[in-house]
Structure formats: structure tokens, C-alpha cells
Amino acid sequence: MRLNQNTLLLGKKVVLVPYTSEHVPRYHEWMKSEELQRLTASEPLTLEQEYAMQCSWQEDADSEECPPTSPSPECTFIVLDAEKWQAQPGATEESCMVGDVNLFLTDLEDLTLGEIEVMIAEPSCRGKGLGTEAVLAMLSYGVTTLGLTKFEAKIGQGNEPSIRMFQKLHFEQVATSSVFQEVTLRLTVSESEHQWLLEQTSHVEEKPYRDGSAEPC
């Protein structure tokens with residue numbers, strides 16, 4: 001299930017676009033980093049495996065072009081640097097990539113619960129609020145478009161910046177796993193939280209995305 005393949009979200013600091021084959025080479029280079037592998041609890045993949053994962057997200061699992069692979073996120077956006085994207089007409093999305101944000105529907109018995117994760121892969125882009133805006137935009141999209149009312153974030157215990165960011169976004173720690181060395185934070189979107197979220201993302205515009213052909217405004 002791909003829930004955002006035709007959607008672009010335009011914010012002040014970030015632009016969120018669907019994950020396409022254009023993004024795979026840069027993403028693959030990022031995931032060679034042992035630091036990112038540790039922070040995201042990911043195993044390194046070959047370039048061919050990365051293309052297969054992207055293809056499985058974009059197309060149906062039984063498509064002849066995309067053989068079945070392991071499960072992929074229901075909602076994946078690549079995070080672009082909005083300033084760079086808008087300041088350089090004709091710039092490729094790959095050249096503006098800074099990370100990604102994902103939303104998983106992990107409980108098939110509770111489709112109002114989403115697990116969210118974000119990665120700002122470019123070191124020079126960390127600590128500037130890009131991850132915060134990307135998460136806020138994804139939360140708003142999850143509530144408004146997908147009908148979610150609860151979110152969880154599972155973060156490595158050593159990833160203090162990410163833990164603090166989610167806590168500033170009203171997530172509360174609800175569990176700690178010594179086995180997986182991670183903490184679980186949760187946000188329940190009450191009426192007041194929903195209103196707060198709408199206020200925080202009132203500037204975010206949802207636009208149609210046409211397979212890499214979206215142009216800066």
C-alpha cells in the first residue's frame with residue numbers, strides 16, 4: 001500500500017516528495033555510513049537491493065517489473081532542502097536531498113496507529129529544524145489524509161537529539177527496551193493536539209507530484 005505516491009508537501013525549510021528511482025543512488029550512498037546504520041538500526045544493502053526496495057514501494061508486489069521483497073513503509077517521503085530546491089531552478093531532486101521520513105502502519109488491528117521515523121542524513125543539515133518540520137508535516141498528513149490518531153517513535157537510546165526533538169513535539173516516553181537498546185515515545189492526537197498540529201503546519205502546502213517533474217514554486 002503506497003499512500004503518498006502522488007503527493008508533494010511544501011514547507012518553509014523542507015519539501016517532501018515520494019521516493020522514486022531518481023533518489024536511490026544518493027540514498028544508497030547515505031546508508032553506507034556506519035553511523036546512520038546504527039542510528040536507524042539498518043543493515044547495508046547493495047545498490048541493486050536498494051532499487052528493488054524502492055520498486056516494491058512504488059509498484060504492486062506482484063508486478064512483473066517489481067518482484068516481491070521485504071515489507072516496505074506504507075508512506076515514505078524523501079526530504080529535500082527547500083531553500084536549495086527553490087533557489088536553483090532546474091536543480092535535480094537528488095542534489096537537494098537531505099534525508100527521509102517514514103510512516104508505518106504496524107498494527108493491522110488498529111489502523112489509527114502509525115509508527116513514524118525520520119532521518120536527516122546530511123550532517124550539515126542537522127540541528128536546523130529540517131527534521132522537526134518534516135515530522136510535523138508527516139504527522140499532519142497522517143492525521144488529515146490517513147485518519148491516524150496515534151503515533152509512536154522508536155529511537156535508539158543513544159540518539160538524544162532525536163529523542164529531544166520528539167519530546168518537543170509532545171511525544172511522551174512510554175517504554176524502554178534493554179534488548180533493542182531503544183525507547184518508545186507516543187503521541188495521542190486529542191482535539192487540542194490536533195489543533196496545535198494544524199497551527200504548526202498551517203504553512204505547509206500539499207501539491208500534486210508527477211514522478212520527479214514537480215518544479216520549484
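Along the sequence shown, residues are numbered consecutively beginning with 1.
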Across all chains, not counting sequence neighbours, the salt bridge (charged side-chain N to carboxylate O under 4.0 Å, His left out) partners of E182 are none
Is the backbone N or O of A91 less than 3.5 Å from a side-chain atom of S95, with the two atoms forming a donor-acceptor pair by type? no
Restricting to pairs with a member in residues 80-92, which pass salt bridge (charged side-chain N to carboxylate O under 4.0 Å, His left out), not counting sequence neighbours? none
What pairs with S177 under side-chain hydrogen bond (donor to acceptor under 3.5 Å, both in side chains), at least two apart in sequence or on another chain? none
Under the side-chain hydrogen bond (donor to acceptor under 3.5 Å, both in side chains) test, which residues partner H203, sequence neighbours left out? E133
May I ask you to list the residues sharing a hydrophobic cluster with F180, side-chain cutoff 4.5 Å, ordered by chain and number? V179
K128: partners by side chain to side chain contact (heavy atoms under 4.5 Å, CB included), with sequence neighbours left out: L130
Please, which pairs that meet ring pair (Phe, Tyr, Trp, His ring centres under 6.0 Å) have at least one residue in residues 148-176, sequence neighbours excluded? F166-F171, H170-W196
Run the salt bridge (charged side-chain N to carboxylate O under 4.0 Å, His left out) test against E122 and tell me which residues pass, sequence neighbours left out. R26
Any residue meeting salt bridge (charged side-chain N to carboxylate O under 4.0 Å, His left out) with K150, in chain and number order, not counting sequence neighbours: D110
Please check this pair: side chain of R126 against backbone of G131, looking for a donor-acceptor N/O pair closer than 3.5 Å. no
For Q173, which residues count as a side-chain hydrogen bond (donor to acceptor under 3.5 Å, both in side chains) partner, sequence neighbours excluded? T176
Contacts of type salt bridge (charged side-chain N to carboxylate O under 4.0 Å, His left out), residue K168, not counting sequence neighbours: none
Could you tell me which residues satisfy side-chain hydrogen bond (donor to acceptor under 3.5 Å, both in side chains) with S162, sequence neighbours excluded, listed by chain and number? none
